[in-house]
Participant: 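Sharing a structure below in structure tokens format, with a few things to ask.
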2 protein chains.
Amino acid sequence: METLRERKKRRTREALLRAALELFTSRGYERTTVDEIAEAVDVSQRTFFRYFAGKEDVAFTVQEMTEAAFVAAVRARPPHEAPMEALRQAFLEGWEAIRETVESVVPVELYLRMYRTIESTPALLAAHLRRSAATEETLARLLAEREGVDVDTDPRPRLAVAVFGGVIRVSERQWSTSEDHGPESVRTLTASYLDQLGSALTGHWRAA
Amino acid sequence: METLRERKKRRTREALLRAALELFTSRGYERTTVDEIAEAVDVSQRTFFRYFAGKEDVAFTVQEMTEAAFVAAVRARPPHEAPMEALRQAFLEGWEAIRETVESVVPVELYLRMYRTIESTPALLAAHLRRSAATEETLARLLAEREGVDVDTDPRPRLAVAVFGGVIRVSERQWSTSEDHGPESVRTLTASYLDQLGSALTGHWRAA
DNA sequence: CAGGTTAATGACAGTGACTGACAGTTGACA
DNA sequence: TGTCAACTGTCAGTCACTGTCATTAACCTG
């Protein structure tokens, strides 16, 4: 069980996280100072930096959880599935588990708002893409191991993951700029885009 | 022709650029301060910020030129080429033109060193990926126009460009971490990876 | 439960990127 | 050659972030 000290720490951390996301999504990321976040929770600025490595770090706390959940979902896929199929299924079926993971920390609605803020804030978008690159590296190694190939000599693991990542990013972008913000719409969008990959890569697009 | 004032400005700008790249690649990006760059050229820090939007901005000045050159190369492709083929040819054939563009500002060798610095510096890698995303958006619109489809309703332009961008990134990464740093090796690597795309996306990789 | 240990916090000072304001300087051009 | 506009330096200030040290509060042991 949890000691009093640990409980206090957890509460401070969660309060900082919630305050930060609330401020980022309402006032905007750049127009929010670390001092304001700390003040909203009534701790010193120094304390904020003891809980989070930086202003950017808070913004991605929830993202980090979902990424970890996705990697876990891929890891749990049966070995007989082909690589791309495993990625596809992990994404489409793992949705509910990811949603629950999020809800245990912040309201899903806040998470979705934060996602849009990330997409529309250049500094955060850059960080997001770099984090995605890191996740892709993890996935490439994972798939290489599943298939028994060497990730450093065989380019296919990294290629497959890069392509999958690209599809995800296109769906996310489409989702975050469209009207329909239901969490379900990303799933259908991603599935549809994965299906259109082949026709996107071959020949002309104009109907003959 | 150029007025004296313009000549002075251009010289200051190029001096700042060269000094910055030299310092970034030798001492490291984060261990270089803007004050040091300004001091190396004997101007005030304020002047540096009048020529470049920020420390990050200098680091990508040459990159920006190569990206523009690539977009131009794609634009110059004959319309009968299919989208992916146009991207492929623009990249493989446009190499020499890009090289010349670079050489007109800084030694290619410095450009290559800077590239490695970008790949190995988290903050710069993030910025690089965001810039790539912006370029991909430009290319998607370009291809959509070529093919006469609507980029906002037809996902194929963005998908194709995302996949191509993914292949480029994988080759660049492989190149920047390998021994062979000749500028030719990126070409062969990219061509080879594009050829392996199909087999990376379908079925298992393990030889039966 | 008193007293010592350790973790958490606050207060303060300092660095580095960046911006705004204003004054001084130097090319451009009549 | 003198006036105007562009360019530059100086200075002050904001914000993210870090190191240091004293203080507080939880923990644990006798």
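Proteins get letters first, then strands, A, B, ... in listed order; numbering begins at 1 in each. Both backbone and side-chain heavy atoms feed into the values below; hydrogens, waters and symmetry mates do not.
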Participant: Would you call the rings of B:F91 and B:F70 parallel, tilted or perpendicular if under 30° counts as parallel and over 60° as perpendicular?
Facilitator: perpendicular
Participant: What nucleotide among C:dG27, D:dT18, C:dA17 has an atom nearest to a side-chain atom of A:F49?
Facilitator: D:dT18
Participant: What is the distance, rounded to the nearest whole Å, between atom CG of B:D57 and atom P of C:dA17?
Facilitator: 15 Å
Participant: Heavy-atom nearest nucleotide on DNA chain C for B:D35 versus B:E6: which residue maps closer to 5'?
Facilitator: B:D35
Participant: Between B:Y51 and D:dC7, is there a contact of a side-chain N or O with OP1 or OP2 at under 4.0 Å?
Facilitator: no
Participant: Using whole Å, report how far CD of A:E39 lies from P of D:dC15.
Facilitator: 12 Å
Participant: Tell me, please, whether B:Y29 has B:K55 positioned over its six-membered ring: NZ or CZ under 6.0 Å from the ring centre and within 45 degrees of its axis?
Facilitator: yes
Participant: Look at A:K9 and C:dA7 and indicate whether a side-chain polar atom (N or O) is within less than 4.0 Å of OP1 or OP2.
Facilitator: no
Participant: Say whether B:Y115 and B:Q63, considering side chains only, have a donor N or O and an acceptor N or O under 3.5 Å apart.
Facilitator: no
Participant: Answer yes or no: does a side-chain N or O of B:K8 lie under 4.0 Å from OP1 or OP2 of D:dC7?
Facilitator: no
Participant: Over how many whole Å does the gap from B:R11 atom CZ to D:dC7 atom P extend?
Facilitator: 15 Å
Participant: Between A:E136 and A:R158, does any side-chain N to carboxylate O distance fall below 4.0 Å?
Facilitator: no
Participant: Counting just side-chain N and O atoms, does B:T33 come under 4.0 Å of either OP1 or OP2 of C:dG16?
Facilitator: no
Participant: When you get a sec, tell me which of C:dT26, C:dT6, C:dG10 is the closest nucleotide to the side chain of A:R5?
Facilitator: C:dT6
Participant: Between the base of C:dG10 and the side chain of A:R50, is there a donor-acceptor distance below 3.5 Å?
Facilitator: yes
Participant: Closest to the B:Q45 side chain: C:dT19, D:dA25, C:dT9?
Facilitator: C:dT19
